[in-house]
Number of protein chains: 2
Amino acid sequence: MTVNAVADAADQRREEMLLAAAQLITERGFSDTRIADVAGRVGASPALVIYYFGTKDRLLTEALRYSEKSFYAAADEMLERTPSARDRLETLVRMTCVPHGDADLPAAWGLWFELWATAFRVEEIGRDRIELDQRWRDVIARVVRDGQAAGELGKVDAEDFAVTFSALLDGLSIQVALRDPVVDPDRAFAIAMRFAATSLGTDWRPRRRPVSVIARQRLAGSR
Amino acid sequence: MTVNAVADAADQRREEMLLAAAQLITERGFSDTRIADVAGRVGASPALVIYYFGTKDRLLTEALRYSEKSFYAAADEMLERTPSARDRLETLVRMTCVPHGDADLPAAWGLWFELWATAFRVEEIGRDRIELDQRWRDVIARVVRDGQAAGELGKVDAEDFAVTFSALLDGLSIQVALRDPVVDPDRAFAIAMRFAATSLGTDWRPRRRPVSVIARQRLAGSR
DNA sequence: CGCCTTTGACTGACTGTTCAGTCTAAGGAG
DNA sequence: CTCCTTAGACTGAACAGTCAGTCAAAGGCG
């Protein structure tokens with residue numbers, strides 16, 4: 001047990017570092033993130049970070065993978081708690097298109113850009129992204145199929161819908177992340193839901209929901 | 001005249017550097033692009049690059065702007081040569097979703113990722129991107145309105161369509177750029193066109209067109 | 001003691017930027 | 001036409017700062 005206690009402490013340290021690295025990647029970009037920054041944020045020496053990860057590159061790529069996986073894990077978990085297909089769709093859209101103040105949810109906005117840019121150039125990250133994106137489409141497709149089985153959604157090819165819908169969500173999230181005044185979070189949300197409703201043969205009308213306070217703050221905080 | 005000749009030569013030099021910088025940004029990423037690389041590619045000394053742009057940052061941001069504008073200029077020009085609304089839509093989709101071998105067309109794939117990542121963190125680039133993206137949506141909206149005026153397209157809000165369609169195109173182009181096996185260029189093209197046709201009340205059936213040889217090479221050349 | 005964790009000090013490589021000065025060509029004066 | 005001046009383009013060498021990674025030693029826990 002004591003051995004495990006030590007190991008657990010070390011694991012926790014590692015995870016702290018990964019989280020800090022992910023945050024820093026979001027803030028400063030992948031290759032402008034310094035080991036010293038990560039070390040400073042977790043209150044350790046740069047040498048210790050190297051001790052744990054061996055090299056800067058491994059730290060950063062692991063950090064990217066870590067937050068990617070956390071995002072999809074969070075998605076899975078949220079969906080399990082949500083019964084109706086329509087609410088599930090809303091959850092998915094909100095996860096991608098609406099700013100969430102949860103700072104520790106690693107899917108913070110800028111990270112996707114860094115992930116794409118890195119995936120484009122680093123084979124290993126690229127493979128990972130393809131795999132996880134497939135998982136994301138599977139999640140969408142499963143929501144659709146479940147909804148169809150429950151008679152809630154009309155008849156469409158779930159796979160096809162997932163491909164198109166995930167692309168649309170990506171595109172909308174770009175605009176939202178880059179604070180495009182024409183595509184604010186509310187509008188992105190409405191566009192995504194309208195598309196889903198039309199494609200899936202259900203109805204969805206925008207109910208004027210106030211954006212959460214946190215989301216407002218996040219948006220106002222743009223310099 | 002001789003004075004202008006010199007000035008033109010200098011302008012050309014500048015443009016060479018911008019082009020080289022844009023290519024390097026695509027290959028290595030924004031902040032992994034070295035002045036020495038740019039200098040080497042145009043056969044000059046690093047000092048000369050500084051001589052022209054004053055600072056590395058100015059060089060890189062100008063390079064981003066330069067290729068962004070070139071892309072939209074190319075779009076405008078291509079559309080002017082295309083009469084029918086349907087062909088125009090195809091052109092737009094092909095420009096964003098289908099790999100083009102034109103190496104000097106600066107909208108090479110990876111550049112968008114760098115642009116987004118930089119726009120997310122650098123105020124100045126962010127403003128620029130918002131403005132140019134609006135112009136892009138305007139281009140789409142105009143195509144739609146022209147097509148409606150010609151009776152070719154059904155009645156929809158052109159602005160709304162432009163927002164949704166441009167987001168979809170962005171999302172699809174991400175998958176294509178990252179070589180997702182599920183969303184190859186042909187499928188992305190088909191998805192985009194099907195969406196456009198459905199939304200705009202026209203018909204479009206995928207005709208099995210072979211991808212150009214250049215596009216094939218480009219794709220096969222992925223390491 | 002023995003093992004794992006942690007650190008401060010250090011270094012070697014890299015790189016943006018400066019600077020002093022060279023080379024070329026243009027322009028004007030005689 | 002020839003000589004001289006001037007300006008702009010251009011460079012090599014040097015500088016200064018940054019930063020990933022090394023290492024020997026210390027700390028602490030069992």
Side-chain angles (χ1 to χ4, degrees), chain A residues 1-64 114 118 121-122 124-125, chain B residues 1-64 114 118 121-122 124-125:
Chain A
M1 267 306 158
T2 50
V3 175
N4 273 351
V6 171
D8 283 358
D11 273 5
Q12 202 176 332
R13 202 81 153 124
R14 256 184 79 92
E15 216 168 298
E16 267 184 83
M17 289 181 184
L18 287 176
L19 198 62
Q23 286 174 353
L24 281 159
I25 289 173
T26 305
E27 294 167 24
R28 306 190 191 180
F30 189 85
S31 48
D32 283 337
T33 296
R34 312 283 160 223
I35 301 190
D37 298 333
V38 178
R41 197 158 288 199
V42 302
S45 67
L48 190 65
V49 177
I50 292 292
Y51 172 77
Y52 273 107
F53 294 93
T55 173
K56 181 198 176 187
D57 236 52
R58 264 206 288 281
L59 163 68
L60 293 187
T61 55
E62 269 197 53
L64 274 186
E114 297 297 327
T118 311
R121 253 172 286 100
V122 181
E124 186 194 356
I125 302 279
Chain B
M1 267 308 158
T2 50
V3 175
N4 273 351
V6 171
D8 284 359
D11 273 6
Q12 202 176 332
R13 203 82 152 120
R14 255 183 80 91
E15 214 167 299
E16 267 183 83
M17 288 180 185
L18 287 176
L19 199 62
Q23 286 174 353
L24 280 160
I25 290 174
T26 305
E27 293 168 23
R28 307 190 190 178
F30 189 85
S31 49
D32 283 336
T33 296
R34 312 282 159 225
I35 305 190
D37 299 333
V38 177
R41 197 158 287 199
V42 302
S45 68
L48 188 65
V49 178
I50 294 291
Y51 174 76
Y52 272 107
F53 294 93
T55 174
K56 181 196 176 187
D57 234 54
R58 264 205 288 280
L59 163 68
L60 293 186
T61 55
E62 268 197 54
L64 275 187
E114 298 297 328
T118 311
R121 255 173 283 102
V122 182
E124 186 193 354
I125 302 280

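Letters A, B, ... are given to chains in the order of the sequence lines, protein chains preceding strands, and every chain is numbered from 1.
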Tell me if a side-chain donor or acceptor on B/Arg28 pairs with a main-chain N or O of B/Thr33 at a distance below 3.5 Å. no
Can you measure from OH (B/Tyr51) to CZ (B/Arg13) and round to the nearest 0.5 angstrom? 11.5 Å
Length of the line joining B/Arg14:CZ and D/dA9:P, which is rounded to integer Å: 11 Å
Would you tell me if any nitrogen or oxygen in the side chain of B/Arg13 comes within less than 4.0 Å of OP1 or OP2 on D/dA9? no
Roughly how many Å is it from CE in B/Met17 to P in D/dA9, rounded to a whole number? 11 Å
Supply the atom-to-atom distance A/Phe30 CZ to A/Arg121 CZ, rounded to the nearest 0.5 angstrom. 9.0 Å
Length of the CD1-P vector between A/Ile35 and D/dA20, whole Å: 5 Å
Beyond-backbone contact of A/Thr55 with A/Ile50, side-chain heavy atoms, under 4.5 angstrom: no
Grab the CG-P distance between A/Asp32 and D/dA20 for me, whole Å please. 10 Å
Could you state the atom-to-atom distance from CZ of B/Arg34 to C1' of C/dT17 in whole Å? 14 Å
Taking A/Ile25's backbone N and O only, do any of them form a donor-acceptor pair with A/Glu114's side chain (distance below 3.5 Å, no angle check)? no
Residues from residues 47-58 of chain A sitting under 4.0 Å of DNA chain C, heavy atoms only? A/Ala47, A/Leu48, A/Tyr51, A/Tyr52
Would you say the side chain of B/Gln23 lies within less than 4.5 Å of the side chain of B/Arg41, judging by non-hydrogen atoms? yes
To the nearest angstrom, how far is A/Gln12 atom CD from C/dT5 atom C1'? 15 Å
